[in-house]
Structure formats: C-alpha cells, structure tokens
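Structure first, commentary second.
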Amino acid sequence: MHERIMQQCEELMRRGSSSFYKAFAGLPSPRREAVHVIYAFCRIIDDSVDEPDASPYTIHELRNCFQQLEQAEGHFIWPALRWLFHTFPQLERKPFLLQMEGQLRDLSFTHYETMEQLESYCYLVAGTVGEMLLPVLREDNNEEAREAGIALGMGMQLVNIIRDVGEDLRRGRRYLPLEVMQKNGYLQHELELGVVNERFIAVLHELRSEALAWFEKGLVNVATYPPESGLAVELAAAFYAAILDSVEAAEYDVFSRRAFVSDAAKLQMFKRTFARYAPHFGNNVHAAAL
C-alpha cells in the first residue's frame, strides 16, 4: 500500500515537471519520496484552480481535508501527507496553508499593479515550497537556509510568469505588473494582441533580472546542504534559469509557444554540476544514476 502511494506521487511529479523530477532524482530515501509527496500535493492544489473540471477536489475541499488530515480519505495524497509529517516531524503545516491561500488568490486577484504585489504572490505560491522542502533536504531548520529556500522558489515563480505570459492571458490573468509595463512604455492592449517589441522585451528583461537575483540569493548557502541535497537544489535552479535562455532563443515569443529546456541540455548541466559534487560522494553511485 505504502509503495503504491509513493509511486503515484512520483508519477505525478514525473508527468508534471521533468525538470524538478530530474533535479531531485539523486536524493537518498526518504528525502526523495518526501519531495515527490510535496510536489504532488502542490500540483493537486494548482490543478484545483487552473484545471477545476479535471481536478478531484476544489481548492476549498483540499484546504478542509488538509486541516483534518488525520481523517482525510478518498485520495492517495492524504496517506502520503500523513507519512510525510510523520517521517519529517520538524515540517510545519503553515507553508502548505499559505500555498493554498496563494492559489485561492488566483480566483479573485488576476491583474497585478506593482512588483510588491507580485512578490507577495510569488512568496505564497512558490516561496512556501522552499519552506516545505527545507526540513526534507537538510537536518537543521536554519533561518538563513529558510530565507534562501524561499528566494529560490520566488525566482522559479518569476520564470514561470515569464514563460507563461500567453497561457495566463488566455486564462484572463496578467502577472506582469502594470508599473513595470508603464515604466517600459508597453501597453495593456499590446499585451492582449500578443505584441512582441523592444518595450515588451524590456519588461521581460526586468523580470528576468529579478528572477536571477532571487536565484543568486537562493544559492548563497548551498554548500551547507548535504551533498545530494545541494546537488538537487543547484540542478533545479540551473534547469529553471535555462528556461530564460530558451525564451530569449525564441525571440521572446511567449504568446504562441512555451519555452522549454531539452533533455540534452539538462544532461549537460547535470554533468557540469555533478563534476563539482563528485568528490563528496565517494562510492555512493546513487546520485550519479541520472
């Protein structure tokens, strides 16, 4: 039973994000399974808002079940979460509730005016994931590490926003802050028409710089993680940062295509990153089995 539940979480992560799946594949057990569970629950939360017709739960039902987790039944995610909190007792429930609060915001708050508003949203839906992962990836709940985990999540969410401009537009959402658009002379009606010009590129460049700054902050203490965890965190950041290069290679057309990073490119990044970590692993070949 336990093994089947873990497989379902892993499959949800593998299908939902090959970047995350590959980045964390080298973690030892039970850290690896814990990441699968966290990702699976976040995916289910996200789908409850973005794909409500295909979701087994509404966001409100998810929150209610989570708040009564010991009694929750009817889906593999509930026993998986019970296993997660039992196995990692230092893991707090607050970031999971904040994650749901952030996804709830998508139902009512769809057009962002300021970077401050956007950063608040990025913390709720992605910075919280860094907080969830921290007790799984390392033994100590160090405050500096917590802030770095939050920063990494926020950088990744900004990359998502850049990559998904067109997709979000079709859902009636605009995460590009109006103040950044106005500063660069890019108009709302140009956005609605999918116009890619130097003013639009300037808007994306500004968000790109913000994302890279968050990544830099997020990796500042990566050397203090256990080696397998440090490798996973660096790979996740590298894979996500590479999406920005894919956007640039596609001449910033984020309206009609979705930027992605090829498996070949990920393999090269893995080889480069693993080469720095190899001395830490000795005869432990698990981390090299990607």
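Both backbone and side-chain heavy atoms feed into the values below; hydrogens, waters and symmetry mates do not. Fair warning: this is a prediction, and the values are worked out from it, not measured in the lab.
Going from atom CE of Met154 over to atom CG of Leu118 covers 8.0 Å, rounded to the nearest 0.5 Å. Atom CD1 of Ile243 and atom OG of Ser19 lie 5.5 Å apart (nearest 0.5 Å). From Met100, atom CE reaches atom CG of Asn64 across 9.5 Å, with rounding to the nearest 0.5 Å. Atom CG of Asn142 and atom CG of Leu134 lie 7.5 Å apart (nearest 0.5 Å). Remark: Cys122 SG to Ile150 CD1 distance equals 12.5 Å, nearest 0.5 Å. The structure places CZ of Arg272 at 10.0 Å from CG of Leu267, a figure rounded to the nearest 0.5 Å.
The aromatic ring centres of Phe255 and Phe200 sit less than 6.0 Å apart. In this structure, Tyr252 has its ring center closer than 6.0 angstrom to the ring center of His205. Annotation: Phe239 is not in aromatic contact with Phe20 [ring centroid separation under 6.0 Å not met]. In this structure, Tyr57 has its ring center under 6.0 Å from that of Trp78. Ring pair Phe96/Phe85: centre-to-centre distance below 6.0 Å.
Closest heavy-atom contact between Leu104 and His60: CD2-CE1, 3.5 Å. For the residue pair Leu91 and Pro135, the shortest heavy atom distance occurs at CD1-CG, 3.7 Å. Between Thr128 and Pro95 the shortest heavy-atom distance is CB-O, 3.5 Å. The shortest heavy-atom contact between Gln157 and Ala126 is CB-CB, 3.6 Å. The two residues Arg82 and Ala72 come nearest to each other via the heavy atoms NH1-O, 2.9 Å. Across all non-hydrogen atoms, the minimal contact from Pro79 to His75 is CD-O, 3.2 Å.
Taking hydrophobic clusters as Ile, Leu, Val, Met, Phe, Trp and Tyr residues chained together by side-chain heavy-atom distances below 4.5 Å, Leu178 does not share a cluster with Val203. A continuous path of ILVMFWY side-chain contacts below 4.5 Å connects Leu176 to Phe109, so both sit in one hydrophobic cluster. If you chain together hydrophobic residues whose side chains sit under 4.5 Å apart, Tyr277 and Leu27 fall into the same group. Under the 4.5 Å side-chain heavy-atom criterion for Ile, Leu, Val, Met, Phe, Trp and Tyr, Leu97 and Ile77 are members of the same hydrophobic cluster. Note on Val195: it does not cluster hydrophobically with Leu187, by side-chain heavy-atom contacts below 4.5 Å among ILVMFWY residues.
In terms of modelled atom types and a separation under 3.5 Å, the side chain of Glu179 and the main chain of Met115 share a donor-acceptor contact. In this structure, the side chain of Ser246 engages the main chain of Phe260 through a donor-acceptor pair within 3.5 Å. Side chain of Asp106 to backbone of Gly102: no donor-acceptor contact under 3.5 angstrom is found. Checked by atom type and distance alone, the side chain of Glu61 pairs as donor or acceptor with a backbone atom of Thr58 at under 3.5 Å. A donor-acceptor contact shorter than 3.5 Å is absent between the side chain of Ser229 and the backbone of Tyr225. Checking side-chain atoms of Thr87 against main-chain N and O of Leu84 turns up no donor-acceptor pair under 3.5 Å. Gln103 places no side-chain N or O within donor-acceptor distance of the main-chain N or O of Ile45, the cut-off being under 3.5 Å. Thr114 places a side-chain N or O within 3.5 Å of a backbone atom of Gln117 that can act as its donor or acceptor partner.
Taking a cutoff of 4.0 Å between a charged side-chain nitrogen and a carboxylate oxygen, Glu51 and Arg171 qualify as a salt bridge. Salt-bridge formation is not detected for the pair Glu11/Arg4: no Lys NZ or Arg NE/NH1/NH2 atom is positioned less than 4.0 Å from an Asp or Glu carboxylate oxygen. Between Asp164 and Arg170, none of the side-chain N atoms (NZ, or NE/NH1/NH2) sits under 4.0 Å from a carboxylate O, so this pair counts as no salt bridge. Here Glu206 pairs with Lys183 in a salt bridge; the nearest charged N to carboxylate O distance falls below 4.0 Å. Ion pairing between a basic and an acidic side chain is recognised when a charged N comes within 4.0 Å of a carboxylate O; Glu70 and Arg93 show such pairing.
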For the pair Glu234 and Arg276, evaluate salt bridge (charged side-chain N to carboxylate O under 4.0 Å, His left out) and give the outcome as yes or no after the intermediate values. CA-CA 11 Å; Glu234 281 207 54; Arg276 286 190 284 104; 2.7 Å; yes

For this session: Quick one: do Arg258 and Glu167 satisfy salt bridge (charged side-chain N to carboxylate O under 4.0 Å, His left out)? Show the steps, please.
Result: CA-CA 9 Å; Arg258 183 183 172 95; Glu167 189 178 311; 3.1 Å; yes

Requested in this report: Take Asp168 and Arg174, measure what salt bridge (charged side-chain N to carboxylate O under 4.0 Å, His left out) needs, and give me the verdict at the end.
Outcome: CA-CA 7 Å; Asp168 289 330; Arg174 190 205 68 226; over 6 Å; no

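Looking only at atom types and distance, the side chain of Glu33 has a donor-acceptor partner in the side chain of Ser29 under 3.5 Å away. Defined by atom type and a distance below 3.5 Å, a donor-acceptor pair is missing between the side-chain atoms of Tyr175 and Asn160. Side chain to side chain, Ser17 and Lys22 fail the donor-acceptor criterion of an N or O pair below 3.5 Å.
For Glu10, there are no salt bridge (charged side-chain N to carboxylate O under 4.0 Å, His left out) partners, not counting sequence neighbours.
The cationic atom of Arg105 (NZ for Lys, CZ for Arg) does not lie both less than 6.0 Å from the six-membered ring centre of Tyr121 and within 45° of the ring axis. For Arg199 and Tyr186, the positive end is not near the middle of the six-membered ring at less than 6.0 Å and at most 45° from its axis.
Looking only at side-chain heavy atoms (C-beta outward), Leu137 and Phe24 come within less than 4.5 Å of each other.
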